[in-house]
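Have a look at the structure below, then the notes.
Within every chain, numbering begins at 1; the chains are lettered A, B, ... in the order of the sequence lines, protein sequences first and strands thereafter.
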There are 2 protein chains.
Amino acid sequence: MYAETLKHIRRIIVEDNLAPGDKLPSERELAERLGVGRSSVREALRALEFLGLIETRRGEGTYMREVGSHQLIDLLAMFLLENERAKADLAETKWLIERLLLELACRRRSAEDVDELKKIVRQKPIDFVRFFQTVAEASGNFLLARIWRVLSGFAASFAPPPSLADAGYEQMLAALERQDSAKAAAVWEAHRPSSLSKRAGHRLTNNDAHFR
Amino acid sequence: MYAETLKHIRRIIVEDNLAPGDKLPSERELAERLGVGRSSVREALRALEFLGLIETRRGEGTYMREVGSHQLIDLLAMFLLENERAKADLAETKWLIERLLLELACRRRSAEDVDELKKIVRQKPIDFVRFFQTVAEASGNFLLARIWRVLSGFAASFAPPPSLADAGYEQMLAALERQDSAKAAAVWEAHRPSSLSKRAGHRLTNNDAHFR
DNA sequence: CTCATCCCACTGGTCTGACCACCTAATGGT
DNA sequence: ACCATTAGGTGGTCAGACCAGTGGGATGAG
């Protein structure tokens, strides 16, 4: 089992008290210490790399990485496409999370954030992605910002970014400046894409049967 | 690059029109068809297995799997611990998404959903996870439900599920029955954990430097 | 002594060939 | 018809080899 090898490596990480940026033992040394073949070590390391926990640099070595990245989801995206149902859910979820980000940003935005957003809104045509990227950063919730970025990346791969009237941006900006989260939510609601409003009769199937 | 190999394998899956349950070519055959070593094929397959897209059975072969599983995230959870910042974001995001699910469920819940929830609320002590699992299913948004499940799993790994007074469940249930999403949101807001309200001064650092 | 250059040991990336344990299906005997 | 045997194919693992980068230390020129 390479799962066993994974645990061993994790134990080494803990025991050696490895912090982000630190170097792991080489693959050959790990293989020797764990008493397994190098290929098994490699498969375990691949898993860790896939999770974004380590980073391998050819000719240098393997290094601990800051937690939080998950390009794994980007990869999953490649396979998740071509599914109408998933697309509809994606569009809706993205829209909903954008509302959450707006609300949070209203409470926590700094003066610099507002300045930055003003600059973005001044540049026509207004860059939707950049606007929300800034809002996401201003939200103060890194995890939610991250989820948004992933969803945004998904969506961009098969649909153009939503287009809003300039007036909409102005209203959002005003709400952010006055820290009026209710107003921001209302503005966002007013710009809800029509495709999201009518989804009645659309039910979940029990897709969890295979979770064994 | 094994990323290249991954794409090749994906192409084979698409071209051969492989459906869940179907058998993939053997590792040796794939290696020959793609002109790479078997170890490279194995590393690519490991990635797919990690994503829950395929299943390997020793002595039999490799098979397509229903999408949806993500033991990968459970593994990630093991490593994500020991990070206060991430925990705070997680708790907040989970709470926010629960609010979204409640709102969606108000609009789309069926009569059966309400019955199911009534049953859950009747059984004391009320099972928070089961309650929201049902709400998530009733939301009609599989993606958002899935995100919630992941977050919930994370949270459960280092904190007990939130405890609500029975009256809170009754209020939510009433809002769901009357399809009053504004009421549901208000109820949820009233039960906002105190730890989430005060997070001023908490800013994002630029954690993305390592995304190169 | 200082600095630039070169070289070599070491790293991850890949391929090959070889076993093993396991499963399946065809085989052949009863 | 039934069942035990067997041969071939499969994933799992390992060892060894070579490649292509990297880095630091030895070397030599100034």
Side-chain angles (χ1 to χ4, degrees), chain A residues 1-13 16 18-66 69 71-72 75 210 212, chain B residues 1-13 16 18-66 69 71-72 75 209-212:
Chain A
M1 292 294 191
Y2 90 124
E4 210 55 38
T5 307
L6 235 172
K7 285 184 187 171
H8 282 181
I9 293 178
R10 169 168 161 70
R11 200 185 313 155
I12 286 181
I13 291 175
D16 293 6
L18 294 181
D22 289 354
K23 191 170 177 300
L24 270 75
S26 76
E27 297 179 352
R28 291 170 177 83
E29 184 183 341
L30 281 174
E32 195 176 358
R33 279 172 68 173
L34 304 184
V36 298
R38 190 179 154 213
S39 46
S40 295
V41 169
R42 279 186 63 77
E43 292 196 348
L45 289 178
R46 275 284 194 227
L48 293 180
E49 187 180 20
F50 211 64
L51 287 170
L53 295 168
I54 62 173
E55 179 182 8
T56 60
R57 293 201 279 265
R58 179 189 194 138
E60 296 184 55
T62 307
Y63 296 84
M64 294 292 298
R65 205 168 170 175
E66 207 73 46
S69 97
Q71 62 273 40
L72 63 152
L75 245 173
H210 55 281
R212 40 189 173 134
Chain B
M1 297 293 190
Y2 91 125
E4 210 56 37
T5 307
L6 238 173
K7 285 184 187 172
H8 282 180
I9 293 178
R10 167 169 163 70
R11 200 185 313 154
I12 286 181
I13 291 175
D16 293 6
L18 294 182
D22 288 355
K23 190 170 177 298
L24 270 73
S26 76
E27 297 180 352
R28 291 171 176 84
E29 183 184 340
L30 281 175
E32 194 175 359
R33 277 172 70 173
L34 304 184
V36 298
R38 190 179 153 211
S39 46
S40 295
V41 168
R42 279 187 61 79
E43 292 195 349
L45 290 179
R46 276 283 195 228
L48 293 180
E49 187 179 18
F50 211 65
L51 287 170
L53 295 168
I54 62 172
E55 179 183 7
T56 60
R57 292 201 280 265
R58 181 191 193 129
E60 296 184 53
T62 308
Y63 296 84
M64 294 292 298
R65 203 168 170 175
E66 208 75 46
S69 110
Q71 63 272 38
L72 63 153
L75 246 173
H210 55 282
F211 274 99
R212 34 173 183 146

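Within a heavy-atom distance below 4.0 Å of DNA chain D, the residues of residues 23-38 of chain B found are B/Ser26, B/Glu27, B/Arg28, B/Arg38.
For the pair A/Arg46 CZ and C/dG12 C1', the interatomic distance rounds to 9 Å; values are reported in whole Å. One interatomic measurement links the two molecules: NE2 of A/His8 to P of D/dT13, which rounds to 13 Å at whole-angstrom precision. At whole-Å resolution of the value, CZ in A/Arg42 and P in D/dA15 are 16 Å apart. The distance between atom CG of B/Leu45 and atom P of D/dT10, rounded to the nearest whole Å, is 13 Å. Rounded to an integer number of Å, the gap from OH of B/Tyr63 to C1' of D/dT10 is 9 Å. Between the CD atom of A/Glu4 and the P atom of D/dC14 there is a distance of 12 Å, given to the nearest Å.
With a 4.5 Å cut-off on side-chain heavy atoms, B/Met64 and B/Leu18 count as touching.
Among residues two or more places apart in sequence or in another chain, the side chain to side chain donor-acceptor pair (under 3.5 Å) test is passed with A/Arg38 by A/Glu27. Looking at residues two or more places apart in sequence or on another chain, you find a side chain to side chain donor-acceptor pair (under 3.5 Å) between B/Thr56 and B/Glu49. Evaluation of the side chain to side chain contact (heavy atoms under 4.5 Å, CB included) rule for B/Arg58 yields no partner, not counting sequence neighbours.
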Expected rows: protein N/O vs nucleotides 21-26 of chain C N/O, under 3.5 Å:
residue, atom, partner, partner atom, Å
C/dA21, O4', B/Arg58, NH2, 3.1

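In this model, the phosphate group of D/dG21 is not approached by any side-chain N or O of A/Arg57 to a distance below 4.0 Å at OP1 or OP2. Residue B/Ser40 places at least one side-chain N or O under 4.0 Å from the OP1 or OP2 atom of C/dC15. For the OP1/OP2 pair of D/dG12 and a distance below 4.0 Å, the side-chain nitrogens and oxygens of A/Ser39 include no atom meeting the criterion.
For the atom pair CD of B/Glu32 and OG of B/Ser26, the computed distance is 9.0 Å after rounding to the nearest 0.5 Å. Note that CG of B/Leu45 and CG of B/Leu30 are 6.0 Å apart. Values are rounded to the nearest 0.5 Å. The structure places CD of B/Glu43 at 9.0 Å from OG1 of B/Thr5, a figure rounded to the nearest 0.5 Å. In this structure, CG on A/Asp22 lies 13.5 Å from CD1 on A/Ile54, to the nearest 0.5 angstrom.
A/Asp16 places no side-chain N or O within donor-acceptor distance of the main-chain N or O of A/Ile13, the cut-off being under 3.5 Å.
Residue B/Thr56 is in sugar-phosphate contact alone, with no base atom involved, counting any heavy-atom pair closer than 4.0 Å across all strands shown.
Residues A/Lys23 and A/Glu60 come closest through the heavy atom pair CE-O, 3.4 Å.
Salt-bridge check for A/Arg33 with A/Glu29: passed, with a basic side-chain N closer than 4.0 Å to an acidic carboxylate O.
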- Message: Only Watson-Crick and G-U wobble pairs with both distances less than 3.5 Å should count. Give DNA chain C in dot-bracket notation, marking inter-strand partners with |.
- Response: ||||||||||||||||||||||||||||||
